[in-house]
Amino acid sequence: MTSDPTRAVFGAHSTTGDVLAGVDLTGRTAVVTGGYSGLGLATTRALARAGARVVVPARRPDTAQRALADVAGVEVDQVDLADLASVQAFAERFLRCHSVLDILVAGAGVMACPETRVGPGWEAQFAINHLGHHALTNLLWPALTAAGNARVVSVASGRDPSWRIRWDDVHFERGYDKWAAYAQSKLANILFARHLDLLGRSHRVRAFSVNPGYIQTPLQRHLAVEEMVAAGWIDADGTPAPGLFKTVEQGAATQVWAATSRDLDGYGGDYCADCQVTDGSPGDSGAAARLWALSADLTGLDLIDRT
């Protein structure tokens, strides 16, 4: 490793351009879920500018094509992370065309949505934010291991000690709370990266979770203005609270940094924020293993070789 990633080289105000200055990703292939909106769009643009071939699986391919029309080196495909058959179909198409996957950014997600059931009755936030990405990573595993030095970045959120996995009711069948469900899904993102890195390091696949910070994006589409005012994010006129929100390029910087920085060689499983490793042991390893086993049971996918 070239330096200590817990010490600030970049920070909260660094942009994707800052962290990729001088970085050449020519010949690398990346998959960015949610890569056509908000932080995902900024990530796709940044990786493509640095020379990577970026594949964007999208629930709305036509919308993605329009958003990415001016970005060279991007392929758009179709996927619905709430539908395991759709995830399987995308993975099969990807593997037919690409033998190697260097970077997987698991960034698509939904926040604080009304109670929604998908697939076999799964709670939508846990299903889309976590289970779909668990399935996708497993199905793309042959291409990740073929890279020889792959990175998986799980886009989480700010951590709170009160977050927990409802082991006895992960799908909120006994009373839905949109914020508790969101928190569970984001904790799952952190625990997923933790255990994936443990399984993947012998295959030279390292994983990180990231907190992008506060950014105004379409992720807030399910929130009423009154709710955001009450939270102190904006005032009654819609003006953001001073100093609270990053730009999308600043918000995407940490996930781009985690996906590409050579300073992170030799690291993995870490939770990152503001382009730094903030905690070398994010989440409890027992909870991470338990979540992996639960996710494998729910999706029927546990394809990572333990050898």
Side-chain angles (χ1 to χ4, degrees), residues 31-34 39-40 43 57 79 81-82 84 87 91 101 103-111 118-119 122-141 144-145 150-160 163-167 170-171 180-203 205-212 254-255 258-259 264 267-273 277-306:
V31 168
V32 181
T33 69
L39 297 180
T43 298
V79 79
L81 288 166
L84 291 185
V87 177
L101 177 58
I103 296 167
L104 171 58
V105 179
V110 62
M111 182 176 75
V118 300
W122 293 343
E123 189 278 314
Q125 295 185 80
F126 189 68
I128 295 167
N129 298 356
H130 169 61
L131 291 175
H133 286 120
H134 173 93
L136 181 65
T137 304
N138 272 270
L139 292 165
L140 295 178
W141 193 247
L144 286 164
T145 57
R151 298 265 181 96
V152 178
V153 180
S154 180
V155 181
S157 186
R159 286 169 60 195
D160 187 293
W163 289 3
R164 66 185 183 93
I165 304 294
R166 286 195 179 189
W167 299 112
V170 293
H171 296 301
Y182 178 70
Q184 173 180 257
S185 74
K186 295 290 101 177
L187 176 58
N189 294 154
I190 295 169
L191 296 175
F192 169 75
R194 172 87 163 145
H195 198 68
L196 175 64
D197 187 78
L198 180 66
L199 297 176
R201 62 185 62 171
S202 64
H203 303 277
V205 179
R206 306 309 302 261
F208 300 88
S209 59
V210 303
N211 170 22
T254 301
Q255 59 208 58
L264 289 168
Y267 287 82
D270 302 286
Y271 174 74
C272 307
V277 169
T278 63
D279 186 341
S281 55
D284 174 75
S285 58
R290 185 179 181 183
L291 177 67
W292 188 278
L294 173 64
S295 305
D297 182 61
L298 289 170
T299 63
L301 292 166
D302 190 6
L303 304 179
I304 296 178
D305 184 359
R306 264 59 169 184

Ignoring hydrogens, what is the shortest heavy-atom contact between [X] and [Y]? Give both atom names and the distance.
{"X": "Arg194", "Y": "Ala288", "result": "CG-CB, 3.9 Å"}
{"X": "Ala193", "Y": "Ser209", "result": "CB-N, 3.8 Å"}
{"X": "Tyr271", "Y": "Ser157", "result": "OH-O, 2.7 Å"}
{"X": "His134", "Y": "Phe192", "result": "CA-CE1, 3.8 Å"}
{"X": "Gln255", "Y": "Leu39", "result": "NE2-O, 3.9 Å"}
{"X": "Val155", "Y": "Pro212", "result": "CG1-CG, 3.7 Å"}

If you apply the rule side chain to side chain contact (heavy atoms under 4.5 Å, CB included), what do you find for Thr299 with Val87, and how did you get there?
CA-CA 11 Å; Thr299 63; Val87 177; over 6 Å; no

Is there a side chain to side chain contact (heavy atoms under 4.5 Å, CB included) between Ile190 and Arg159? Walk through the geometry before answering.
CA-CA 9 Å; Ile190 295 169; Arg159 286 169 60 195; 3.1 Å; yes

Under the criterion side chain to side chain contact (heavy atoms under 4.5 Å, CB included), which of Val210, Val31, Val32 is the partner of Val105?
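Of Val210, Val31, Val32, side chain to side chain contact (heavy atoms under 4.5 Å, CB included) with Val105 is met by Val32 alone.
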
Can you confirm whether Asp197 sits close enough to Asp270 that some side-chain heavy atom of one is under 4.5 Å from a side-chain heavy atom of the other?
no

Quick one: does Val152's side chain get under 4.5 Å of Leu144's, heavy atoms only?
yes

With sequence neighbours excluded, what pairs up with His133 under the ring-ring contact (aromatic ring centres under 6.0 Å, His included) test?
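By the ring-ring contact (aromatic ring centres under 6.0 Å, His included) rule, His133 matches no residue at all.
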
Rounded to the nearest 0.5 Å, what separates atom [atom1] in [X] from atom [atom2] in [Y]?
{"X": "Leu301", "Y": "Trp141", "atom1": "CG", "atom2": "CH2", "answer": "13.5 Å"}
{"X": "Arg290", "Y": "Trp167", "atom1": "CZ", "atom2": "CH2", "answer": "5.0 Å"}
{"X": "Ile304", "Y": "His195", "atom1": "CD1", "atom2": "NE2", "answer": "8.5 Å"}
{"X": "Leu199", "Y": "Thr137", "atom1": "CG", "atom2": "OG1", "answer": "11.5 Å"}
{"X": "Thr254", "Y": "Phe208", "atom1": "OG1", "atom2": "CZ", "answer": "12.5 Å"}
{"X": "Leu187", "Y": "Tyr182", "atom1": "CG", "atom2": "OH", "answer": "12.0 Å"}

Between the side chain of [X] and the main-chain N/O of [Y], is any donor-acceptor distance below 3.5 Å?
{"X": "Gln184", "Y": "Phe126", "value": "no"}
{"X": "Asn138", "Y": "Leu303", "value": "yes"}
{"X": "Asn129", "Y": "Val110", "value": "yes"}

Are Val153 and Ile103 close enough, and set up right, to give a side chain to side chain contact (heavy atoms under 4.5 Å, CB included), and what steps lead you there?
CA-CA 8 Å; Val153 180; Ile103 296 167; 5.5 Å; no

Test Leu191 against Ile165 for side chain to side chain contact (heavy atoms under 4.5 Å, CB included), laying out the working first.
CA-CA 10 Å; Leu191 296 175; Ile165 304 294; 4.1 Å; yes

For the residue pair His171 and Trp122, does the interplanar ring angle fall in the parallel (under 30°), tilted (30 to 60°) or perpendicular (over 60°) class?
parallel

